[in-house]
Amino acid sequence: MSCSRRMRMPEAYKPQEIEPKWQQTWEADGLYKAVIDHEKPKFYALTMLPYPSGDIHIGHWYAMAPSDVRARFKRMQGYNVMFPMGFDAFGLPAENAAIQRRIHPKEWTLNNIDRERHQLRSMGAMIDWDREAISCLPGYYRWSEWFFLKFYEMGLAYRKKAPVDYCPSCKTTLAREQVVGDERICERCGAPVVKRDLEQWFWRITKYADELLDFSKIDWPERIRLLQTNWIGRSEGAEVVFRVTPEDLPEDADPGTGDLLVFTTRPDTLWGATFMVLAPEHPLVNAITKPAYHEAVHAYQLQATRQTEIERLSTEKEKTGVFTGAYAINPVNNARIPIWVADYVMMGYGTGAIMAVPAHDERDFDFAIKFGLPVIPVIARPDGVAKSLVFPGSVPEAFAAELEAAGFSFYAAPVGSAGMGLHVTLQGQEEIERYVVLVGKELLPGNWCEVVGSGWHFIFTDTVKTLDSVETDQEILARCKSLYEPVQDNRTTMEMVHNLPFYRDVLFHHESGIMIHSDAFSGTPGDVARQQVTAWLDERGLGHAAINYRLRDWLVSRQRYWGAPIPIIYCDTCGAVPVPYEDLPVLLPDDVDFMPTGESPLKYHDGFLNTTCPKCGGSATRETDTMDTFVCSSWYQYAYLSPYYREGESVSGNASPWDPAEQAYWAPVDTYTGGAEHAVLHLLYTRFFTKALRDAGVLHFDEPMLQLRNQGIILGEPRSGDCVDVSGTWEGAAFRATSLTVYSFENKETWPPPTRTDVRVRGEVMDRDEMSLKVRTTEGGGLTVVLVDEDLEMEFPDQEGTGSLADVLYHLDVEKMSKSKKNVVSPDTLVAQHGADVVRAYLMFGWRWEQGGPWDSQGIEGVTRWLSRVWHLILDPPHEREAADEETNRELDRAVHYAIKSVTEDLETFSFNTAIARLMEMTNALSKVRGATWPTDLWNEAVSTLVLLMAPITPHMAEELWARLGKPYSVHQQTWPTWDEAKLVEDTVEIPVQVNGKVRGRITVAAGATDDEIKQAALEDENVQRHLEGVQILKVIVPRGQLVSIVVR
RNA sequence: GGGGAAGUGUCGGAAUUGGCAGACGAGCAUGACUUAGGAUCAUGUGCCGCGAGGCGUGCGGGUUCAAGUCCCGCCUUCCCCA
């Protein structure tokens, strides 16, 4: 290579130089300021605001960078885009840090925000920082308080004493949505949650339950809609009143005391309600329990409080319960039915009292069998199946032959030690009736035979009884007892037949079906049964149609300091009095002493606590509970419209909480992105908030965010553990270290081989705790526990020096990132190494965005190479020139327009990974034709198109290249390129030819070729012909000119 | 137990919605350039087979000229609810 050609070394891509430069320029120019412009359509792009925990991690980037890309894309498409950012700054971690490290929560929070704001800026996002809103500042939370007052005024906020979820570790109550999983643990800290009876503030989100079920106005992921729908848990049914029999009530009881309100989704099963069950917490339990039962009931109530909800509700669990001694009247048939207390009924669902229909509810059935309560079937089995066991010796020998001749299906098998019995399975009413007649004729004296599942007939020698009421239950049982000694101990007919395993699968069902044994309703088909019974109940004043929701009102009180104060004052004479709007904000005092217990210091802050009643002027105290932080994040999308609006001014209850002009232009949010983990928390609350504020006249639309998309989670990268080489002695099964050397997982090739001898153990560290390591000492598995004394000095040859046990890295599979596992990926490090543009592009390229997955530290190199290739492709002249031809030009054109089309469509649909893939393809296509087309107009056009398409993704590099191409600042103010369909059409196309579904050849035809021409070419193909020899062509198909399919025989 | 989502090379992942399975990238292999390579460039890379060819999208059936995609039945994983 000659010296002259080496004169100018190609300049390398150096993001570390380019990126800060442009960030400063954009900042100085206010390039991303969102200003109302009625000439342009608006686009409000929003990504979930971070909690300022101290570090922006790769998960934040994964969520925000693609959102930023899409916001930029929309901007280039001609929208006036607002992309704001703020911080969800109240919350427990700040307060815990205050307690542990003696830093004020405000200081801790604001320091973190400073740091995180800086980290976020390094992303180069188009965030309009002028609109930043921080929820813990008075200018912000004064409006959170204002909303509280508004909701109070509207009757949406109320205070009541109720059993609420309480986290003993966080020392505060929680909303039901914050209690997660089967174990009922605290969403924040993972401690098991307990129930406490406390006076708390609630917001009436249930008033909006039906409207929250309507997603017709929003484009939200199916998954979120499903989760919210399930959470709201609407069920239709009826409310029915069961009266406690008057003699079971105390003499001084007020009228109506004994009315037990029951919600049921199955009013059609009312006739089968043979007992009632109250939740142990039900307020009426104590009043109705008969003196003789008091002790047992009380003991049971105590025991129930110690169990978790999931234990109580499990269908697996052995049922427990106690009888109260009292009875109620079933309103449909005036049957006197016993009232029990059992923990499988919860106070939180429905009314805390159920009518038990053991024949058609699994839990009720188990309970009835266990406690000997009657089970009366009232809904026919939809499958019509019945079973009958003909007992040994109850019929003549010839009966089996008779059954056979009559076409019944049965088999003979031993019944215990009693001999061979006939196990008959019947299907349908006609067959059952025939069977009953047949058995009735043949039954020997002193026997009976039953048909269960359908029919429920008990055939005796003199009569046939049907199990259709509590009375017949006892009558049948008494007859059976007199005939057969072993059933003496059975308490109900159902218990008796339940003892025969043959019957088990047909005794109970929960499907809808024709009503039976239900007086005038018998015969009512299942599809209309519920409505008809409900209407009948309504007519007679026994009940009415009702809807029940699983959703509970939102508990907003928190017994902590670091939150927005609840603006309520308690006065001995006036009660709970709202702080006047004009007096807001109720300021959180700064000079507080934090209790090591976590108890709210507001309770002991005289200046905050003591005040005067706004109504009577007397001395009064403030509410010391603060609001759930989800209150602040329920309206932050509106806070960005005009942050800290009218701060310092006194405003009335009629004020607008934000600039009306800003709201009219920007709201609601057009595209919202964030994690799916908030499906029934933030995402449900913010919808409620918007609807409530609409009803308050503050907003004029129904939904806060029109489109929602969720990103997945980036998990930790699996990694090998370090290798340790330990000398020491055996202590039983464990090995005590006397000296220990650690070889880094990064230099696996230098590791010594695994060993396990009397004095030495060596291998990869698979796990670690405070005092020991688990070491893999054989290739296959074989873990050895190595005990390490606290003061043992360890050598780390790979990092020169010594360290402690905590510095030893252990084997990690794919897990969530966490500091303690040392598998956290820091965007700061990545940006320093590769540049922000590379990190942004990699996060888009490496995963399906909505799915996420484990981090891959190797893959990022591919993106680095790509950007570097783009850089040199555009800035360096080609080494070799080639002659251009028309075909090359068309190929280039096609590549450009194909890229425009697919990148546009992919960004629109959040398919970020394929958008990048198409850009890489475009880059490859450009390098292929560079020698021939550089530097023609066509080439220049192609190159600037590439820069424009990359501008949202790699904003810094695009700006730099744009400038170096001599184009006017800024690339981000340019118009998004459009494609020409005509240019996508190829001159010739390659078409595969299939013979019987297998590709046997490829033909090249002109783009516009007719189907006949394509067929012709296909049949002429050499390889295809080889496969057509000696066979008969049945047909030839050319679908859409895409391929040829030849069917032969 | 009910509901939902998913299952594709060594890995991340594509596949115009029924039309060439494996785009794009990582990794690996070979070669070139190099004092050197964890740089760069080029080529190859689903599996079996020397080959023609065969087999391949969790498993088993089905529909179709054609199935990763549609239908039926299973298995596994994750999430939500009970």
Side-chain angles (χ1 to χ4, degrees), chain A residues 1 10 12 180-182 221-233 235 309-317 344 346 349 362-363 510 550 676-677 679-680 710 712-715 717-718 746 749 814 841-866 868-869 872 879 898-899 901-902 905-906 909 911-925 927-928 984 989-1003 1023 1026-1027 1033-1049:
Chain A
M1 187 173 283
V180 294
D182 291 356
E222 173 72 34
R223 190 177 123 74
I224 301 292
R225 302 200 315 250
L226 193 75
L227 286 171
Q228 294 203 346
T229 303
N230 287 344
W231 187 260
I232 293 166
S235 49
E309 200 161 320
I310 201 76
E311 281 168 0
R312 287 176 55 170
L313 288 171
S314 169
T315 46
E316 310 292 307
K317 199 194 97 176
Y344 78 94
M346 308 296 301
Y349 183 81
E362 193 179 0
R363 285 183 304 213
H510 55 74
R550 213 179 74 92
E677 64 275 14
V680 294
N710 301 118
I713 300 171
I714 295 292
L715 301 166
E717 184 168 27
E746 284 169 335
E749 60 288 346
V814 175
Y842 181 50
L843 289 172
M844 292 170 67
F845 181 62
W847 301 263
R848 280 200 273 225
W849 188 65
E850 68 282 4
Q851 201 168 287
W855 177 254
D856 174 4
S857 51
Q858 220 149 220
I860 197 168
E861 295 296 339
V863 175
T864 302
R865 279 171 214 159
W866 172 49
S868 176
R869 276 209 319 277
H872 292 291
H879 294 300
Y898 176 66
K901 180 183 159 96
S902 32
E905 287 170 355
D906 287 348
T909 57
S911 311
F912 301 113
N913 54 347
T914 48
I916 304 261
R918 296 292 92 82
L919 285 167
M920 287 173 166
E921 282 171 1
M922 179 177 176
T923 309
N924 295 344
S927 7
K928 223 173 99 190
L984 295 174
V989 281
E990 197 188 59
I991 294 178
V993 183
Q994 297 182 342
V995 179
N996 277 359
K998 292 198 166 67
V999 179
R1000 296 300 186 189
R1002 291 169 192 289
I1003 52 169
N1023 205 46
R1026 215 155 51 77
H1027 286 91
I1033 297 176
L1034 295 181
K1035 57 177 161 177
V1036 181
I1037 303 161
V1038 185
R1040 275 180 282 164
Q1042 276 176 343
L1043 59 68
V1044 182
S1045 186
I1046 304 171
V1047 190
V1048 301
R1049 190 171 57 194

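All chains are named by letter (A, B, ...) in the order of the sequence lines, taking the proteins before the strands, and each is independently numbered beginning at 1. Worth knowing before you read on, the calculation uses all heavy atoms, side chains too, and leaves out hydrogens, waters and symmetry mates.
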Undergrad: Closest nucleotide of RNA chain B for A:Ile1046 versus for A:Gly862: which of these residues is on the 5' side?
TA: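 The residue whose closest nucleotide sits nearer the 5' end is A:Gly862.
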Undergrad: Go through B:G25, B:C20, B:G19 for me and flag the one nearest to the A:Met920 side chain.
TA: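 Ranking B:G25, B:C20, B:G19 by closest atom to the A:Met920 side chain puts B:G25 first.
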Undergrad: For A:Pro992 versus A:Arg1002, what's the shortest heavy-atom pair and its separation?
TA: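 In this case the closest contact between A:Pro992 and A:Arg1002 is CB-NH1, 4.0 Å.
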Undergrad: Please report the distance, rounded to the nearest Å, between CZ in A:Arg865 and P in B:C24.
TA: 15 Å
Undergrad: Kindly point out which of B:C20, B:C24, B:A23 is positioned nearest to the side chain of A:Pro992?
TA: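 In terms of side-chain proximity for A:Pro992, the closest of B:C20, B:C24, B:A23 is B:C20.
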Undergrad: Rounded off to whole Å, could you give me the CZ-to-C1' distance for the A:Arg848 and B:C78 pair?
TA: 14 Å
Undergrad: Base, sugar-phosphate, or nothing: which does A:Gly1001 touch, judged by heavy atoms less than 4.0 Å apart?
TA: nothing
Undergrad: Return the minimal non-hydrogen interatomic distance between A:Ala841 and A:Ile916, and the atom names on each side.
TA: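 Smallest interatomic distance, heavy atoms only, reads O-CD1, 3.9 Å.
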Undergrad: Does B:G9 sit syn or anti, given that only angles within 90° of 0 count as syn?
TA: syn
Undergrad: If the P atom of B:A36 is compared with that of B:G31, how far apart are they to the nearest Å?
TA: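 So the two P atoms sit 15 Å from each other.
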Undergrad: Do A:Arg550 and A:Trp231 touch side chain to side chain, with heavy atoms closer than 4.5 Å?
TA: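 Yes, at least one pair of side-chain atoms sits under 4.5 Å.
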Undergrad: Give none if B:U76 has no partner; otherwise give the nucleotide forming a Watson-Crick or G-U wobble pair with it, both distances under 3.5 Å.
TA: B:A6
Undergrad: Rounded off to whole Å, could you give me the CD-to-P distance for the A:Gln851 and B:G7 pair?
TA: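 Going from CD in A:Gln851 over to P in B:G7 covers 8 Å.
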Undergrad: Using the P atom as the point on both nucleotides, what is the distance between B:U10 and B:U45, in whole Å?
TA: 15 Å
Undergrad: Which is true for A:Trp866 with a 4.0 Å heavy-atom rule: it touches a base, it touches only sugar-phosphate, or it touches nothing?
TA: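 Answer is nothing: A:Trp866 stays at 4.0 Å or more from every strand.
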Undergrad: Give the nucleotide from the list B:G53, B:G19, B:A23 with an atom nearest to the side chain of A:Leu1043.
TA: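 The answer is B:G19, which lies nearest to the side chain.
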Undergrad: So what does A:Asn924 touch, heavy atoms closer than 4.0 Å: a base, only the sugar-phosphate, or nothing?
TA: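 Sugar-phosphate contact only - A:Asn924 comes under 4.0 Å of backbone atoms but never of a base.
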Undergrad: Between the side chains of A:Arg869 and A:Asn924, does any donor sit under 3.5 Å from an acceptor?
TA: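 Judged by distance alone, the side chains do pair up.
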Undergrad: Name the pairing partner of B:C70, where a pair is Watson-Crick or G-U wobble with both distances under 3.5 Å, or state none.
TA: B:G62
Undergrad: Paired with B:G49: which nucleotide, if any, by Watson-Crick or G-U wobble criteria at under 3.5 Å for both distances?
TA: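 In the structure as shown, B:G49 has no Watson-Crick or wobble partner.
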Undergrad: Taking atom P in both B:A29 and B:G73, compute the distance separating them and give it to the nearest angstrom.
TA: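 It works out to 47 Å between them.
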Undergrad: Quick one: look up who B:U40 pairs with, Watson-Crick or G-U, both distances under 3.5 Å, and put none if it's unpaired.
TA: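 Base-paired to B:A32.
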Undergrad: Return the 5'-most residue of the pair A:Val863, A:Thr914 with respect to RNA chain B, ranking by each residue's nearest nucleotide.
TA: A:Thr914
Undergrad: A:Glu990 CD to B:G19 P: how many Å, rounded?
TA: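 From A:Glu990 CD to B:G19 P: 18 Å.
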Undergrad: Could you state the atom-to-atom distance from CD of A:Gln994 to C1' of B:U64 in whole Å?
TA: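 Rounded to whole Å, this separation is 12 Å.
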Undergrad: With a 4.0 Å limit, can you tell me whether A:Asn230 has a side-chain N or O closer than that to the phosphate oxygens OP1/OP2 of B:G2?
TA: no
Undergrad: Rounded to whole angstrom units, what separation is found between the NZ atom of A:Lys998 and the C1' atom of B:C65?
TA: 13 Å
Undergrad: Heavy atoms, side chains only, cut-off 4.5 Å: are A:Leu919 and A:Trp866 in contact?
TA: yes
Undergrad: If you measure from the C1' atom in B:G2 to the same atom in B:U69, how many Å do you get, rounded?
TA: 27 Å
Undergrad: For the pair made of CG in A:Leu919 and C1' in B:A14, what is the distance, rounded to whole Å?
TA: 15 Å
Undergrad: Just N and O in the side chain of A:Arg869: are any of them under 4.0 Å from OP1 or OP2 of B:G25?
TA: yes
Undergrad: Which nucleotide in the list B:A21, B:A23, B:C79 gets nearest to the side chain of A:Val999?
TA: B:A21
Undergrad: Taking only side-chain nitrogens and oxygens of A:Asn913, does any of them come within less than 4.0 Å of OP1 or OP2 of B:C24?
TA: no
Undergrad: Looking only at side-chain N and O atoms, does A:Arg363 come under 4.0 Å of OP1 or OP2 in B:A82?
TA: no
Undergrad: Just label B:U64 as syn or anti from its O4'-C1'-N9-C4 or O4'-C1'-N1-C2 angle, using within 90° of 0 for syn.
TA: anti
Undergrad: Quickly work out the A:Glu861 CD to B:G27 P distance and round it to whole Å.
TA: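 It is 7 Å, rounded to the nearest whole Å.
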Undergrad: Of A:Leu227, A:Leu226, A:Asn710, which meets side-chain contact (heavy atoms from CB on, under 4.5 Å) against A:Pro221?
TA: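 The option that passes is A:Asn710.
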Undergrad: Centres of the A:Trp855 and A:Tyr842 rings: under 6.0 Å?
TA: yes
Undergrad: Less than 4.5 Å apart, side chain to side chain, heavy atoms only: is that true for A:Tyr898 and A:Arg918?
TA: yes
Undergrad: Can you tell me, in whole Å, how much space there is between the P of B:U30 and that of B:G38?
TA: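 That atom pair is separated by 13 Å.
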Undergrad: In whole angstrom, give me the gap between the P atoms of B:A21 and B:U16.
TA: 14 Å
Undergrad: Within less than 4.0 Å of OP1 or OP2 of B:C80, is there a side-chain N or O belonging to A:Arg225?
TA: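 No, outside the criterion.
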Undergrad: The side chain of A:Ile1037 is closest to which nucleotide in this list: B:C65, B:G4, B:C81?
TA: B:C65
Undergrad: What's the closest nucleotide to the side chain of A:Ser1045 if the choices are B:C65, B:C24, B:C81?
TA: B:C65
Undergrad: Using the side-chain heavy atoms of A:Gln858, tell me which of these nucleotides is nearest: B:G7, B:G54, B:G27.
TA: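 So the side chain of A:Gln858 is nearest to B:G27.
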Undergrad: Expressed in whole Å, how much space separates the P atoms belonging to B:U8 and B:U77?
TA: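 Between the two P atoms, the distance is 15 Å.
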Undergrad: Using atom P in both nucleotides, what's the gap between B:A67 and B:G60 to the nearest angstrom?
TA: 16 Å
Undergrad: Name the pairing partner of B:U16, where a pair is Watson-Crick or G-U wobble with both distances under 3.5 Å, or state none.
TA: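 No nucleotide pairs with B:U16.
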